[in-house]
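Written out below as structure tokens is the structure these notes cover.
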Amino acid sequence: MCDGSSDRPFFPHRHLLGIEGLSPDEITVLLDRSENYVEQNRRIDKKKSLLRGRTIINLFFEHSTRTRTSFELAGKRLGGDVINMSLSTSSIKKGETLIDTAMTLNAMHPDVLVVRHQSSGAVKLLSEKVNCAVINAGDGSHEHPTQALLDALTIRRRRGTLQGLQVAICGDITHSRVARSNIHLLLAMGARVRLIAPATLIPPGIEHLGAEVFHEMAAGLKNCDIVMMLRLQQERMHGGFFPSIREYFTHFGLDYPKLANAKSDALIMHPGPMNRGVEIDAEVADDFGRSVIREQVEMGVAVRMACLEILTENLDRPELRTN
Amino acid sequence: MAGTDEVPSLTAYVNARLIDPASETDSPGGVLTDGERIVAAGAGLFNSGAGDDARIIDCAGACLSPGLVDMRMYTGEPGEEHKETLATAGRAAVAGGVTSMVCLPNTKPVIDDMSTLEFIARRARKHGLAKVYCYGTVTKGLDGKELSEMALLSESGALAFTDGVKPVKDAQVLHRALSYAQPFGFVIVQHAEEPSLSAGGVMNAGETATRLGLAGTPVEAEIIMVERDIRLAKMTGGRLHFAHLSTAEAVDAVRNAKNAGLHITCDTAPPYFALNELAVGDYRTFAKLSPPLRAEKDRQAIIAGLIDGTIDTVASDHRPEDEEAKRLPFSEAAYGGTGLETLLPVTLELYHNGHMSLIDAISLITNKPAELMGLAAGRLEAGAAADLLVFSPEKGWKVTEDRLSSKSKNSPFDGRPVQGEVLQTIVDGRSVFRRGE
């Protein structure tokens, strides 16, 4: 029963379904563990055997290249067996329900299911029907916890702490699971959060989560330490939320004149994939000194290794069966 | 003792607390029935004994009221018999004390044709449980464009007209429906929801929806349609009724219209005065309803509307859905909840919470909906059908899957402790449900 790591700080959850509800200590456990893997991933020999004999299934109901690859690499670098399933194209079209798919996979005894689904709450529903650990790799417009964790790790490595930082999240907040997970994480860790978007892309009541809402980039970016841009999710939009891409970019796209309102050393972040010339100017995105967009991708693998490691450790803790 | 399948002759229901809202009676008393009819009802009816020839039913101090009248429910028959049939709906109804119910017309095929109406009436008669009545559609095939044959449907038994869970969204179509129906005296029942504003919405818009990442339906979708339709009713003199109001400002709009002398009525359903949007919790699809559960201030306003009479009646909004339709991610799950068996206890919360008297609460689900639908039901008077309900207003129980007779188990009140239990239900003098049997 004792796995030799009982002296380590403990993450008391069976699944990672979202950031909302996690304590600062729990978030710190995940970030600290991720830190270990950053160095390992930069070595030539990247492989460990911690997850040898463990099966990880990447179950993606929605198209993804980056997140799926990141989870796949994370699992493989820890020595686990990783299977990728893209269900947007197979059994869903044959009418199989989410629950049926979950039950079927569960019967194959995976250890971790990494799930992305286009509907908010779908990953939680699936987690109630399986015996393994479940990681939410993005559910609808709800949460994308590993993205928020990798953003936090990127910031922490650059700034030392999240406490007291002023962070602006800009763009399509309404449809963004990345925004929601980041709001919960940043506020929990003592950062201040501003949301900047046209009024049509700010969901009602979001200010009650503790963020401040702006509709103008210059005012919103004033003295910010971190500028997080979001991808405009046109595939989730029904009807016109703004008049044109040209007008959107002029008013809400990140370019140097708007960026000048932020602190001179403000970091520029983007969860990818970027729409250059839509939400972010190409030059700004590639600004070597300030853009940490590629670093975010690097941190992504480390964070996902940490999450896989911690949740598989927890599989041996029967007291977590019920949460 | 006579068998329950035969129509008993003289029967005396004695030793009851008689609740008859139509005659404003709440006192010890009883009811005497002969065959399918009530012969006499009143306080102190059997003070000098019930007579030797009558069969005696001792109510042992329980409440005796008219059987409940549910003015809006859905049965899956015809078309969705895997969710509910007329037989299972009938059993659920009598277990819930309902002796008359009015079915929504959005069956498959829809009730826009006399033959469907007659099919349902014939099937329901065969079961001999709660009495089944129907709405006809306002528009043919629920297409929102062409008017149904309202007069012919009415002659075949349609009580009123509605497109069910779909609003009549085209203002000109509703205008014509109200105009056409007016000289006939038909009631047009509207599900008030501006579809262009509610499109994609799966719960009440606001902080909870935003937190859950779900698309919201704003309260304005209901308010705008109610305000528009009140103007159309005023323009035509037509008889308009709003189904299941859920928002504070829609209730205000109806209150103002009534104060201005317009003959507009409305109802609500138990979820809208007993639950709010927080019941959705962590994506509970049993709490996914249409209209959606609203904010706490809306819930309070619905109660206020019931207290001051702005809201005329309460309907069960019974909408059975099978597991396949509810065990889905929230945004993909079906709307609706069962309600026949929780109509009485949840409506009694209005009494238990001190909002109104027992008789006023019972009135919302007996004589008032009967009057609105033009049904000779919901009252205890000589000559009326012997549709009776014996219940304990205090007895507590918990809403669970096992306890419900409906074929579908999607109660928004699942797990809720409630007060008020049906002991016996009598339809046309026959005992059709008795607790414990």
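Computed from a predicted structure; not experimentally measured.
- Contacts of A:Glu20 with chain B are made by side-chain atoms alone, with heavy-atom separations under 4.5 Å and no backbone atom involved.
- Note on ring orientation: taking the six-membered ring where Trp is involved, the planes of A:Phe61 and A:His117 are tilted (angle from 30° to 60°).
- In this structure, A:Arg116 is not positioned above the aromatic face of A:Phe60 in the sense of NZ or CZ being under 6.0 Å from the six-membered ring centre and within 45° of the axis.
- In this structure the side chain of A:Thr146 reaches within 4.5 angstrom of the side chain of A:Cys307, judged on heavy atoms.
- With a 4.5 angstrom heavy-atom cutoff, A:Ile99 touches chain B only via side-chain atoms.
- With hydrogens and angles disregarded, a donor-acceptor distance shorter than 3.5 Å links the side chain of B:Asn410 to the backbone of B:Glu321.
- The choice from B:Ala209, B:Gly206, B:Ala215, B:Ser331 that makes the most heavy-atom pairs within less than 4.5 Å of chain A is B:Gly206.
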